[in-house]
Amino acid sequence: MLARPGLPEFDYIKAETSQQVFELMAEKGKDLKLMMGGTDLFVQFRDRGVAPGTLLDLKGLPGMGDISFDTKNGLIIGAAVPLNMISSHPDALKYYLALCQAADTVGNYQLRNRATLGGNICNASPSADLSPAALVFNGQVILESSRGERIISLEDFWLGPGKTDLAQDEFLKAIQFPLPPKGSEGIYLKLGRSKMGDLAIVGVAVLGYPDPDTPAGLRFRIGLNSTAPTAYRLPDVEQKLSQNPINDEILQQAAEEAMDISAPIEDVRATASYQKKMVRNLTYNALKEIWAKIKK
Ligand SMILES: Cc1cc2nc3c(=O)[nH]c(=O)nc-3n(C[C@H](O)[C@H](O)[C@H](O)COP(=O)(O)OP(=O)(O)OC[C@H]3O[C@@H](n4cnc5c(N)ncnc54)[C@H](O)[C@@H]3O)c2cc1C
């Protein structure tokens, strides 16, 4: 027996219209799997030794590979847009830098030519790198079915490891991000076992922006991965940070609270106690860097 068995057999269909997708979904039910770049799927097929009867490639559907931006609607990224296209898009770089930074930490360059934001989000891995940044930019998923379009927040979309709110007859069409507040600065910090091509032990995204209506004069948004069943925000910590003028001690307190809230599980990449400490350190570093930029 091979230590790493080859791929099981499956049929491959490249969809050309949404109607074709709806019909195949209705006909094949759970025996159908949707695909973008396949970089999560093929590893799962190989490792588990099972594949669905039919793999339905949605990359060719109209609009799936497009990115659009304007200051009214923000950034809309088709589910099939590869990560390298996001991190080199001028408007994404200008307004959503932390998302581009997160995209650039995934695997390696060749992988990022295939891997998509849509796949990263639908795979719903707790360690997915795009998730913390997608959360701080208030990302929403645009889901399509024969019943029409449904738009929900990422917080409502992720239900647990590998679990989403996607119905059996729906697919992800695009992800939309509103224009960030004026003067926003963002960062994604990732700790992996190596600098190249490893999943996150901890990933933290912070977005900060001036807000003269708060005692702090600014607001932070904090997103984390790898330390709970899904990626998550820290609304209470964010709220507290806006309530007092910022200093180093307050940032340290916020980072300690982030550590206390995080709930990692022991895995092959790190112990839970190490992950918790890294939540504190990365959150502090990210807050400090963004605070320094906003203060200027
Ligand atoms: C060597 C290697 C290194 C990696 N490194 C990282 C890393 O550092 N960080 C990281 O976050 N990930 C990493 N990954 C995982 C993977 O590359 C990413 O999660 C990637 O973004 C998945 O995108 P994809 O387009 O390949 O998804 P796919 O594999 O095509 O799909 C992923 C899942 O989403 C579902 N899906 C896809 N599209 C849709 C849709 N439109 N509607 C509904 N469901 C859909 C699929 O059915 C599947 O369950 C790595 C993978 C490999 C093989």
Side-chain angles (χ1 to χ4, degrees), residues 71 74-75 94-102 126 128-140 152-158 175-191 200-264 272-296:
T71 51
L75 186 68
K94 183 171 175 190
Y95 295 102
Y96 307 86
L97 182 63
L99 193 70
C100 298
Q101 290 172 336
D129 272 306
L130 279 294
S131 306
L135 281 176
V136 299
F137 287 114
N138 288 340
Q140 294 184 307
I152 60 167
S153 72
L154 283 169
E155 273 131 324
D156 291 336
F157 184 65
W158 290 312
I175 306 96
Q176 66 181 27
F177 300 98
L179 185 70
K182 209 165 183 273
S184 290
E185 297 283 354
I187 191 168
Y188 177 64
L189 297 181
K190 169 179 178 177
L191 175 71
I201 291 172
V202 173
V204 178
V206 165
L207 187 80
Y209 54 94
D211 182 349
D213 295 336
T214 64
L218 55 77
R219 282 187 187 275
F220 288 111
R221 296 179 196 162
I222 307 168
L224 287 115
N225 64 13
S226 278
T227 48
T230 65
Y232 56 105
R233 286 268 298 267
L234 296 174
D236 294 345
V237 179
E238 294 172 10
Q239 177 62 18
K240 250 176 147 175
L241 277 166
S242 69
Q243 292 310 303
N244 291 294
I246 300 293
N247 57 39
D248 194 63
E249 200 187 330
I250 284 184
L251 296 186
Q252 284 185 34
Q253 272 169 20
E256 291 279 338
E257 284 170 32
M259 175 174 77
D260 293 343
I261 293 166
S262 68
S273 82
Y274 177 67
Q275 275 178 292
K276 279 183 96 66
K277 290 187 179 93
M278 292 304 109
V279 165
R280 180 191 62 203
N281 292 4
L282 264 66
T283 304
Y284 172 71
N285 290 346
L287 286 170
K288 199 171 154 192
E289 183 153 345
I290 294 305
W291 181 46
K293 282 190 174 164
I294 296 176
K295 264 196 311 187
K296 274 188 191 161

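- Ring geometry for F137 versus F177: interplanar angle over 60°, hence perpendicular rather than tilted (30 to 60°).
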- request: Evaluate the side chain to side chain contact (heavy atoms under 4.5 Å, CB included) criterion for residues W158 and L135: first the C-alpha distance (whole Å), next the side-chain angles of each, then the deciding distance (0.1 Å), finally the verdict.
  value: CA-CA 11 Å; W158 290 312; L135 281 176; 3.8 Å; yes
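- Contact detail for I250 and N247: the closest heavy-atom pair is N-OD1, 2.8 Å.
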message: Walk me through whether I290 and L207 qualify under side chain to side chain contact (heavy atoms under 4.5 Å, CB included).
response: CA-CA 7 Å; I290 294 305; L207 187 80; over 6 Å; no
query: Yes or no on side chain to side chain contact (heavy atoms under 4.5 Å, CB included) for I187 and L97, after CA distance, side-chain angles and deciding distance?
result: CA-CA 7 Å; I187 191 168; L97 182 63; over 6 Å; no
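- In this structure a side-chain-to-backbone donor-acceptor pair under 3.5 Å is present from N225 to A128.
- Of the possible polar contacts, one joining the S226 side chain to the A200 backbone as a donor-acceptor pair under 3.5 Å is found.
- Contact detail for D129 and A102: the closest heavy-atom pair is O-CB, 3.4 Å.
- No donor-acceptor distance shorter than 3.5 angstrom exists from the side chain of E185 to the backbone of I294, with no hydrogens or angles considered.
- Considering only heavy atoms from C-beta on, R233 comes within 4.5 Å of N138 through its side chain.
- The minimum heavy-atom distance linking A98 with G186 is given by the pair CB-C, 3.9 Å.
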task: Please report the C-alpha distance between M278 and M259 in whole Å, then the side-chain angles of each, then the deciding distance to 0.1 Å, and finally whether the side chain to side chain contact (heavy atoms under 4.5 Å, CB included) criterion is met.
output: CA-CA 8 Å; M278 292 304 109; M259 175 174 77; over 6 Å; no
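- For Y96 against P178, the heavy-atom pair with the smallest separation is OH-O, 3.1 Å.
- Applying the ring pair (Phe, Tyr, Trp, His ring centres under 6.0 Å) test to Y209 and every residue at least two apart in sequence or in another chain returns nothing.
- From L282, atom CG reaches atom NZ of K190 across 11.5 Å, with rounding to the nearest 0.5 Å.
- Listed by chain and number, the residues in a side-chain hydrogen bond (donor to acceptor under 3.5 Å, both in side chains) with Y232 are T227 (sequence neighbours excluded).
- Checking V202, D260, L191, I201 one by one against V279, the side chain to side chain contact (heavy atoms under 4.5 Å, CB included) holds for a single residue, V202.
- Taking F220 as the reference, nothing meets the ring pair (Phe, Tyr, Trp, His ring centres under 6.0 Å) condition, with sequence neighbours excluded.
- For A134 against L154, the heavy-atom pair with the smallest separation is CB-CD1, 3.4 Å.
- Heavy-atom minimum distance, P264 versus Q275: CB-OE1, 3.4 Å.
- A donor-acceptor contact closer than 3.5 angstrom links the side chains of Q252 and D248.
- Crowding of E249 atom CD: a count of heavy atoms from other residues, nucleotides or ligands under 6.0 Å not exceeding 12.
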